[in-house]
Amino acid sequence: MSGPGEVIITNVTKTFSDTVAVENINLTIPDGSYCCLLGPSGCGKTTLLRMIAGHETATEGDISIGGQSVIGLPTGQRGTSMMFQSYALFPHLSVLDNVAFSLKMKGVGKNDRRGQAYEVLKKVQLDPLADRMPAQLSGGQQQRVALARSLITNPKVLLLDEPLSALDEYLRLQMRAEVKKLQIDLGITFIHVTHTQPEALALADLVVVMDTGHIEQIGSGRTIYDEPATTYVAEFMGGWNVFGGQVAGVEADMQTVRGAAGEEFHVPVDGHTKGQDLNFGVRRDKVHLAGTDGQEDRGNSLNGKVHAIEYQGSWVKVTIERPDAPELVAVIEDREYFARPANVGDEVTATWSAEDVHLMEKAIGEQNLIGESF
(Lines give C-alpha, C1' and ligand atoms only; values in the text may rest on other atoms or scores of the structure.)
Protein backbone atom coordinates (compact mmCIF):
# COMPACT_ATOMS: atom_id res chain seq x y z
CA MET A 1 0.00 0.00 0.00
CA SER A 2 1.30 3.44 -0.94
CA GLY A 3 2.30 5.80 1.86
CA PRO A 4 0.93 9.37 1.70
CA GLY A 5 4.21 10.76 0.37
CA GLU A 6 5.13 8.01 -2.07
CA VAL A 7 5.73 9.43 -5.55
CA ILE A 8 5.49 7.12 -8.56
CA ILE A 9 6.50 8.44 -11.98
CA THR A 10 5.49 6.16 -14.84
CA ASN A 11 6.65 6.50 -18.47
CA VAL A 12 6.79 10.30 -18.20
CA THR A 13 7.96 12.31 -21.18
CA LYS A 14 7.99 16.09 -21.51
CA THR A 15 8.61 17.93 -24.77
CA PHE A 16 8.84 21.64 -25.51
CA SER A 17 8.11 22.04 -29.21
CA ASP A 18 10.77 19.82 -30.84
CA THR A 19 12.92 19.58 -27.71
CA VAL A 20 12.66 16.51 -25.46
CA ALA A 21 13.30 17.66 -21.88
CA VAL A 22 12.73 14.27 -20.22
CA GLU A 23 12.04 10.97 -21.96
CA ASN A 24 10.26 7.89 -20.61
CA ILE A 25 11.13 8.43 -16.95
CA ASN A 26 10.17 5.66 -14.50
CA LEU A 27 10.91 6.31 -10.84
CA THR A 28 9.46 5.38 -7.44
CA ILE A 29 10.31 7.62 -4.48
CA PRO A 30 9.30 5.93 -1.20
CA ASP A 31 7.20 7.72 1.38
CA GLY A 32 9.34 9.55 3.93
CA SER A 33 12.56 9.35 1.94
CA TYR A 34 15.02 12.06 0.98
CA CYS A 35 15.54 11.92 -2.80
CA CYS A 36 18.03 14.03 -4.74
CA LEU A 37 17.64 14.54 -8.48
CA LEU A 38 21.25 15.11 -9.50
CA GLY A 39 22.72 16.21 -12.80
CA PRO A 40 24.15 19.11 -14.81
CA SER A 41 22.15 22.05 -16.13
CA GLY A 42 19.75 20.98 -18.85
CA CYS A 43 19.54 17.32 -17.81
CA GLY A 44 15.79 17.50 -17.05
CA LYS A 45 15.85 17.39 -13.25
CA THR A 46 14.06 20.71 -12.67
CA THR A 47 11.50 19.92 -15.37
CA LEU A 48 10.75 16.65 -13.59
CA LEU A 49 10.38 18.47 -10.25
CA ARG A 50 8.03 21.02 -11.81
CA MET A 51 5.87 18.25 -13.26
CA ILE A 52 5.53 16.68 -9.81
CA ALA A 53 4.52 20.10 -8.45
CA GLY A 54 2.08 20.77 -11.27
CA HIS A 55 3.94 23.78 -12.67
CA GLU A 56 4.53 21.80 -15.88
CA THR A 57 2.26 19.25 -17.54
CA ALA A 58 3.64 15.90 -18.66
CA THR A 59 3.35 15.31 -22.39
CA GLU A 60 2.98 11.57 -21.77
CA GLY A 61 2.84 9.30 -18.75
CA ASP A 62 1.50 9.44 -15.21
CA ILE A 63 2.55 10.83 -11.82
CA SER A 64 0.92 9.61 -8.63
CA ILE A 65 1.34 10.80 -5.05
CA GLY A 66 0.13 8.59 -2.21
CA GLY A 67 -1.45 6.19 -4.69
CA GLN A 68 -3.50 8.86 -6.50
CA SER A 69 -2.74 10.20 -9.96
CA VAL A 70 -2.15 13.95 -9.85
CA ILE A 71 -2.22 14.49 -13.61
CA GLY A 72 -4.61 17.39 -14.20
CA LEU A 73 -4.79 18.40 -10.53
CA PRO A 74 -3.88 22.01 -9.68
CA THR A 75 -0.76 22.60 -7.59
CA GLY A 76 -2.72 23.27 -4.40
CA GLN A 77 -4.45 19.88 -4.46
CA ARG A 78 -1.42 17.60 -4.89
CA GLY A 79 -0.17 17.52 -1.32
CA THR A 80 3.10 19.14 -2.40
CA SER A 81 4.84 22.37 -1.53
CA MET A 82 7.74 23.85 -3.46
CA MET A 83 10.69 25.85 -2.19
CA PHE A 84 12.26 27.77 -5.04
CA GLN A 85 15.90 28.69 -5.58
CA SER A 86 14.94 32.35 -5.16
CA TYR A 87 13.45 32.75 -1.69
CA ALA A 88 11.23 35.66 -2.85
CA LEU A 89 10.38 36.82 0.66
CA PHE A 90 8.02 39.79 0.97
CA PRO A 91 10.29 42.65 2.14
CA HIS A 92 7.40 44.56 3.79
CA LEU A 93 6.21 41.62 5.92
CA SER A 94 7.71 40.27 9.11
CA VAL A 95 9.17 36.77 9.25
CA LEU A 96 5.99 35.55 10.96
CA ASP A 97 3.70 37.11 8.34
CA ASN A 98 5.86 35.82 5.48
CA VAL A 99 5.39 32.28 6.77
CA ALA A 100 1.67 32.80 7.43
CA PHE A 101 0.96 34.40 4.04
CA SER A 102 -0.33 31.26 2.25
CA LEU A 103 -2.81 30.66 5.10
CA LYS A 104 -4.00 34.26 4.74
CA MET A 105 -4.71 33.56 1.06
CA LYS A 106 -6.81 30.57 2.16
CA GLY A 107 -8.89 32.75 4.47
CA VAL A 108 -7.48 31.53 7.78
CA GLY A 109 -8.02 34.04 10.59
CA LYS A 110 -5.15 36.24 11.72
CA ASN A 111 -4.62 34.74 15.16
CA ASP A 112 -4.94 31.17 13.90
CA ARG A 113 -2.55 31.59 10.97
CA ARG A 114 0.00 33.42 13.10
CA GLY A 115 -0.18 30.69 15.71
CA GLN A 116 0.46 28.02 13.07
CA ALA A 117 3.28 30.06 11.54
CA TYR A 118 4.94 30.44 14.94
CA GLU A 119 4.87 26.67 15.47
CA VAL A 120 6.54 26.11 12.09
CA LEU A 121 9.18 28.73 12.91
CA LYS A 122 9.98 26.73 16.03
CA LYS A 123 10.74 23.71 13.83
CA VAL A 124 13.34 25.69 11.90
CA GLN A 125 14.61 27.41 15.07
CA LEU A 126 13.60 30.92 13.99
CA ASP A 127 10.86 31.67 16.54
CA PRO A 128 13.05 34.29 18.32
CA LEU A 129 13.23 36.22 15.03
CA ALA A 130 9.51 36.12 14.24
CA ASP A 131 9.10 39.91 14.33
CA ARG A 132 12.12 40.78 12.22
CA MET A 133 11.98 41.89 8.60
CA PRO A 134 13.73 39.87 5.84
CA ALA A 135 16.39 42.58 5.37
CA GLN A 136 17.48 42.04 8.97
CA LEU A 137 18.25 38.34 8.39
CA SER A 138 21.35 36.53 7.19
CA GLY A 139 21.25 34.41 4.06
CA GLY A 140 20.91 31.23 6.07
CA GLN A 141 18.06 32.70 8.12
CA GLN A 142 16.23 33.80 4.97
CA GLN A 143 16.61 30.29 3.63
CA ARG A 144 14.98 28.88 6.76
CA VAL A 145 12.10 31.35 6.47
CA ALA A 146 11.50 30.13 2.91
CA LEU A 147 11.64 26.57 4.19
CA ALA A 148 9.11 27.34 6.94
CA ARG A 149 6.81 29.00 4.41
CA SER A 150 6.89 25.81 2.34
CA LEU A 151 6.06 23.66 5.38
CA ILE A 152 3.11 25.68 6.70
CA THR A 153 0.66 23.82 4.43
CA ASN A 154 1.68 20.44 5.92
CA PRO A 155 2.67 18.91 2.58
CA LYS A 156 3.07 15.19 2.01
CA VAL A 157 5.97 15.98 -0.33
CA LEU A 158 8.34 18.94 -0.09
CA LEU A 159 10.00 19.90 -3.38
CA LEU A 160 13.28 21.84 -3.19
CA ASP A 161 14.80 23.45 -6.30
CA GLU A 162 18.53 24.11 -5.68
CA PRO A 163 17.71 25.34 -2.14
CA LEU A 164 21.31 25.79 -0.98
CA SER A 165 22.90 27.25 -4.11
CA ALA A 166 22.58 30.90 -3.02
CA LEU A 167 24.52 30.33 0.21
CA ASP A 168 28.25 30.64 0.75
CA GLU A 169 30.23 27.48 1.40
CA TYR A 170 30.14 27.68 5.20
CA LEU A 171 26.40 28.32 5.34
CA ARG A 172 25.74 25.66 2.73
CA LEU A 173 27.40 23.01 4.88
CA GLN A 174 25.56 24.23 7.97
CA MET A 175 22.17 24.30 6.28
CA ARG A 176 22.77 20.91 4.69
CA ALA A 177 22.88 19.35 8.14
CA GLU A 178 19.83 21.31 9.30
CA VAL A 179 17.72 20.38 6.27
CA LYS A 180 18.54 16.69 6.68
CA LYS A 181 17.69 16.78 10.42
CA LEU A 182 14.42 18.56 9.64
CA GLN A 183 13.44 15.92 7.08
CA ILE A 184 14.12 13.15 9.58
CA ASP A 185 12.12 14.96 12.28
CA LEU A 186 9.15 15.64 9.98
CA GLY A 187 9.20 12.22 8.35
CA ILE A 188 7.83 13.49 5.04
CA THR A 189 9.19 12.99 1.53
CA PHE A 190 11.77 15.52 0.34
CA ILE A 191 12.65 15.74 -3.37
CA HIS A 192 15.67 17.98 -3.84
CA VAL A 193 17.14 19.14 -7.15
CA THR A 194 20.88 19.80 -7.16
CA HIS A 195 23.88 19.80 -9.48
CA THR A 196 26.29 19.39 -6.56
CA GLN A 197 27.54 15.84 -6.02
CA PRO A 198 28.66 16.17 -2.35
CA GLU A 199 25.27 17.69 -1.48
CA ALA A 200 23.40 14.71 -2.93
CA LEU A 201 25.71 12.18 -1.28
CA ALA A 202 25.38 13.89 2.11
CA LEU A 203 21.60 14.30 2.10
CA ALA A 204 19.87 11.63 0.07
CA ASP A 205 18.56 8.19 0.88
CA LEU A 206 17.92 7.91 -2.85
CA VAL A 207 20.10 9.56 -5.51
CA VAL A 208 18.79 9.81 -9.07
CA VAL A 209 21.56 10.71 -11.53
CA MET A 210 20.22 12.28 -14.73
CA ASP A 211 21.67 13.29 -18.08
CA THR A 212 20.06 14.54 -21.32
CA GLY A 213 16.54 13.78 -20.11
CA HIS A 214 17.30 10.23 -19.00
CA ILE A 215 17.98 8.51 -15.70
CA GLU A 216 21.49 7.05 -15.72
CA GLN A 217 21.33 5.39 -12.29
CA ILE A 218 19.16 5.19 -9.16
CA GLY A 219 20.53 4.11 -5.80
CA SER A 220 21.86 5.11 -2.42
CA GLY A 221 24.70 7.61 -2.31
CA ARG A 222 27.15 4.85 -1.46
CA THR A 223 26.01 2.68 -4.38
CA ILE A 224 26.14 5.58 -6.83
CA TYR A 225 29.67 6.51 -5.76
CA ASP A 226 31.14 3.02 -5.23
CA GLU A 227 29.38 1.18 -8.06
CA PRO A 228 28.63 3.58 -10.93
CA ALA A 229 26.53 1.81 -13.54
CA THR A 230 27.78 3.83 -16.51
CA THR A 231 30.82 5.79 -17.59
CA TYR A 232 28.77 8.98 -17.32
CA VAL A 233 27.91 8.37 -13.66
CA ALA A 234 31.54 7.61 -12.80
CA GLU A 235 32.81 10.74 -14.53
CA PHE A 236 30.03 13.02 -13.28
CA MET A 237 30.28 11.89 -9.67
CA GLY A 238 34.05 12.35 -9.76
CA GLY A 239 36.53 10.26 -7.86
CA TRP A 240 37.02 7.83 -10.76
CA ASN A 241 39.44 7.23 -13.62
CA VAL A 242 37.48 5.78 -16.54
CA PHE A 243 38.98 3.62 -19.30
CA GLY A 244 37.84 1.66 -22.31
CA GLY A 245 39.29 -0.90 -24.66
CA GLN A 246 38.92 -4.30 -26.27
CA VAL A 247 39.26 -7.66 -24.57
CA ALA A 248 42.59 -9.11 -25.74
CA GLY A 249 42.56 -12.31 -23.72
CA VAL A 250 40.59 -14.16 -21.05
CA GLU A 251 41.97 -16.40 -18.32
CA ALA A 252 40.25 -18.22 -15.46
CA ASP A 253 39.49 -15.19 -13.28
CA MET A 254 41.11 -12.30 -15.14
CA GLN A 255 40.94 -10.73 -18.58
CA THR A 256 43.37 -8.49 -20.42
CA VAL A 257 42.00 -5.34 -22.06
CA ARG A 258 43.96 -3.33 -24.61
CA GLY A 259 43.29 0.41 -24.58
CA ALA A 260 43.23 2.81 -27.53
CA ALA A 261 46.83 3.90 -26.86
CA GLY A 262 48.05 0.29 -26.76
CA GLU A 263 48.22 0.02 -22.96
CA GLU A 264 47.17 -3.25 -21.34
CA PHE A 265 44.89 -3.55 -18.30
CA HIS A 266 44.00 -6.50 -16.11
CA VAL A 267 40.38 -6.59 -15.00
CA PRO A 268 38.06 -9.20 -13.48
CA VAL A 269 36.26 -11.64 -15.81
CA ASP A 270 32.58 -10.81 -16.37
CA GLY A 271 31.48 -12.85 -19.38
CA HIS A 272 32.99 -10.72 -22.15
CA THR A 273 34.84 -12.54 -24.90
CA LYS A 274 37.91 -11.68 -26.91
CA GLY A 275 37.41 -8.71 -29.22
CA GLN A 276 34.50 -7.21 -27.32
CA ASP A 277 34.55 -3.60 -26.11
CA LEU A 278 34.77 -3.10 -22.37
CA ASN A 279 34.40 -0.01 -20.16
CA PHE A 280 35.77 0.10 -16.65
CA GLY A 281 37.22 2.38 -14.02
CA VAL A 282 39.26 2.60 -10.84
CA ARG A 283 38.60 4.96 -7.97
CA ARG A 284 41.20 7.67 -7.64
CA ASP A 285 41.92 6.74 -4.02
CA LYS A 286 42.83 3.21 -5.13
CA VAL A 287 45.64 4.53 -7.35
CA HIS A 288 49.18 4.74 -5.93
CA LEU A 289 52.50 6.02 -7.18
CA ALA A 290 54.91 3.11 -7.51
CA GLY A 291 57.10 2.85 -4.41
CA THR A 292 55.15 5.24 -2.20
CA ASP A 293 53.38 2.44 -0.32
CA GLY A 294 56.12 -0.19 -0.48
CA GLN A 295 54.47 -2.10 -3.33
CA GLU A 296 55.83 -1.76 -6.84
CA ASP A 297 53.48 -4.14 -8.68
CA ARG A 298 49.73 -4.02 -8.15
CA GLY A 299 48.66 -5.67 -11.41
CA ASN A 300 47.99 -2.49 -13.41
CA SER A 301 50.37 0.37 -14.15
CA LEU A 302 50.56 3.43 -16.35
CA ASN A 303 53.45 5.84 -16.89
CA GLY A 304 53.10 9.58 -17.17
CA LYS A 305 54.31 13.00 -16.07
CA VAL A 306 53.03 14.83 -13.01
CA HIS A 307 50.93 17.77 -14.22
CA ALA A 308 49.58 19.10 -10.92
CA ILE A 309 49.77 18.44 -7.18
CA GLU A 310 47.05 19.61 -4.80
CA TYR A 311 47.50 19.25 -1.05
CA GLN A 312 44.14 18.76 0.69
CA GLY A 313 45.16 18.10 4.29
CA SER A 314 44.60 14.40 4.86
CA TRP A 315 45.22 13.55 1.21
CA VAL A 316 47.06 14.75 -1.89
CA LYS A 317 45.63 14.86 -5.39
CA VAL A 318 48.19 14.06 -8.10
CA THR A 319 47.20 14.64 -11.74
CA ILE A 320 49.27 12.69 -14.26
CA GLU A 321 49.53 13.52 -17.96
CA ARG A 322 49.79 10.67 -20.46
CA PRO A 323 50.76 11.05 -24.14
CA ASP A 324 47.70 10.88 -26.43
CA ALA A 325 45.49 9.69 -23.58
CA PRO A 326 43.25 11.21 -20.87
CA GLU A 327 44.78 12.38 -17.61
CA LEU A 328 45.01 9.97 -14.71
CA VAL A 329 44.33 11.15 -11.15
CA ALA A 330 45.61 9.58 -7.93
CA VAL A 331 44.28 10.59 -4.52
CA ILE A 332 46.93 9.51 -2.03
CA GLU A 333 46.83 9.48 1.78
CA ASP A 334 49.11 12.25 3.02
CA ARG A 335 51.54 10.05 4.97
CA GLU A 336 52.00 7.74 2.01
CA TYR A 337 52.57 10.63 -0.39
CA PHE A 338 55.05 12.55 1.76
CA ALA A 339 57.13 9.42 2.41
CA ARG A 340 58.23 9.74 -1.24
CA PRO A 341 56.77 12.96 -2.65
CA ALA A 342 56.66 13.78 -6.35
CA ASN A 343 57.14 17.13 -8.06
CA VAL A 344 55.42 18.69 -11.05
CA GLY A 345 57.23 17.45 -14.16
CA ASP A 346 58.42 14.16 -12.61
CA GLU A 347 58.00 10.94 -14.58
CA VAL A 348 55.98 8.54 -12.41
CA THR A 349 54.25 5.17 -12.57
CA ALA A 350 50.70 4.91 -11.28
CA THR A 351 49.60 1.48 -10.09
CA TRP A 352 46.39 -0.19 -8.89
CA SER A 353 45.08 -3.69 -8.27
CA ALA A 354 42.91 -5.59 -10.71
CA GLU A 355 40.56 -6.29 -7.78
CA ASP A 356 39.86 -2.55 -7.50
CA VAL A 357 38.65 -2.30 -11.10
CA HIS A 358 34.91 -1.75 -11.54
CA LEU A 359 33.21 -2.67 -14.84
CA MET A 360 30.50 -0.39 -16.23
CA GLU A 361 28.36 0.27 -19.29
CA LYS A 362 28.59 3.20 -21.68
CA ALA A 363 26.53 6.23 -20.73
CA ILE A 364 22.86 5.80 -21.65
CA GLY A 365 23.01 8.94 -23.79
CA GLU A 366 25.90 7.46 -25.76
CA GLN A 367 24.03 4.18 -26.17
CA ASN A 368 21.01 6.06 -27.56
CA LEU A 369 23.20 7.96 -30.01
CA ILE A 370 24.75 4.69 -31.17
CA GLY A 371 21.28 3.23 -31.68
CA GLU A 372 20.12 6.28 -33.67
CA SER A 373 23.08 6.06 -36.05
CA PHE A 374 21.95 2.77 -37.58
Crowding at [atom1], [X] (>12 non-hydrogen neighbours, <6.0 Å):
| X | atom1 | answer |
| --- | --- | --- |
| Q312 | CD | yes |
| D131 | CG | no |
| R258 | CZ | no |
| K180 | NZ | yes |
| D168 | CG | yes |

Once you round to the nearest 0.5 Å, how far does [atom1] of [X] lie from [atom2] of [Y]?
| X | Y | atom1 | atom2 | answer |
| --- | --- | --- | --- | --- |
| T47 | M210 | OG1 | CE | 8.0 Å |
| L278 | F243 | CG | CZ | 12.5 Å |
| I191 | L49 | CD1 | CG | 6.5 Å |
| I218 | T223 | CD1 | OG1 | 12.0 Å |
| L328 | H307 | CG | NE2 | 13.0 Å |
| E355 | N300 | CD | CG | 9.5 Å |

Q | D97 and R113 ion-paired at < 4.0 Å | A |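 Salt bridge absent between D97 and R113.
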Q.
So that I can tick it off, tell me whether D31 and K156 are bridged by a salt bridge, with the cut-off set at under 4.0 angstrom between side-chain N and carboxylate O.
A.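 Here K156 does not pair with D31 in a salt bridge, since their nearest N and O are not under 4.0 Å apart.
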Close side-chain approach of [X] and [Y], heavy atoms under 4.5 Å:
| X | Y | answer |
| --- | --- | --- |
| M133 | S94 | yes |
| H195 | S41 | no |
| F84 | H55 | yes |
| R284 | N241 | yes |
| V193 | L48 | no |
| P30 | L206 | yes |
| E162 | K45 | yes |
| Q136 | L129 | no |

Q | Within 45° cone of F16 ring axis and under 6.0 Å: K14 NZ or CZ | A |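 Yes; both conditions hold, so K14 lies above the ring face of F16.
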Q | Chi angles and distances behind the side chain to side chain contact (heavy atoms under 4.5 Å, CB included) call for Q183, L203 | A | CA-CA 10 Å; Q183 188 270 332; L203 288 169; over 6 Å; no
Okay, side chain of [X], backbone of [Y]: is any donor-acceptor separation there less than 3.5 Å?
| X | Y | result |
| --- | --- | --- |
| Q125 | R144 | no |
| E264 | G259 | no |
| H358 | P228 | yes |
| T230 | A363 | no |
| N26 | N11 | yes |
| W240 | D226 | no |
| N98 | F90 | yes |
| E263 | A261 | yes |
| S353 | D356 | no |
| E336 | E333 | no |

Q) Is the F280-W352 ring centre distance short of 6.0 angstrom? A)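 No - the distance between ring centres of F280 and W352 does not fall below the 6.0 Å cut-off.
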Q.
If you take the centroid of each ring, where Trp contributes its six-membered ring, are Y232 and H214 closer together than 6.0 Å?
A. no
Mind listing the closest non-hydrogen atom pair of [X] and [Y] along with its distance?
| X | Y | value |
| --- | --- | --- |
| Q142 | L137 | NE2-O, 3.4 Å |
| G221 | L201 | O-CD2, 3.4 Å |
| I65 | R78 | CD1-O, 3.7 Å |
| R172 | L164 | NE-O, 3.3 Å |
| I309 | A342 | CD1-O, 3.2 Å |

Q.
Parallel, tilted or perpendicular, judged at 30° and 60°: which one describes the rings of F338 and Y311?
A. perpendicular
(Q) Is there a side chain to side chain contact (heavy atoms under 4.5 Å, CB included) between L182 and E178? Walk through the geometry before answering. (A) CA-CA 6 Å; L182 182 64; E178 292 187 19; over 6 Å; no
Q. Is there a donor-acceptor contact under 3.5 Å linking the side chains of S33 and D205?
A. no
Q: Could you tell me whether the side chains of N24 and E60 share a donor-acceptor contact shorter than 3.5 Å?
A: no
Q: Treating Ile, Leu, Val, Met, Phe, Trp and Tyr as nodes and any side-chain heavy-atom pair under 4.5 angstrom as an edge, say whether I52 and V208 lie in one connected cluster.
A: yes
Q. Would a hydrophobic clustering, with Ile, Leu, Val, Met, Phe, Trp and Tyr connected at side-chain separations under 4.5 Å, put L159 with L151?
A. no
Q. Between E6 and T189, is a side chain to side chain contact (heavy atoms under 4.5 Å, CB included) present by the stated rule, with each step listed?
A. CA-CA 7 Å; E6 180 183 61; T189 306; over 6 Å; no
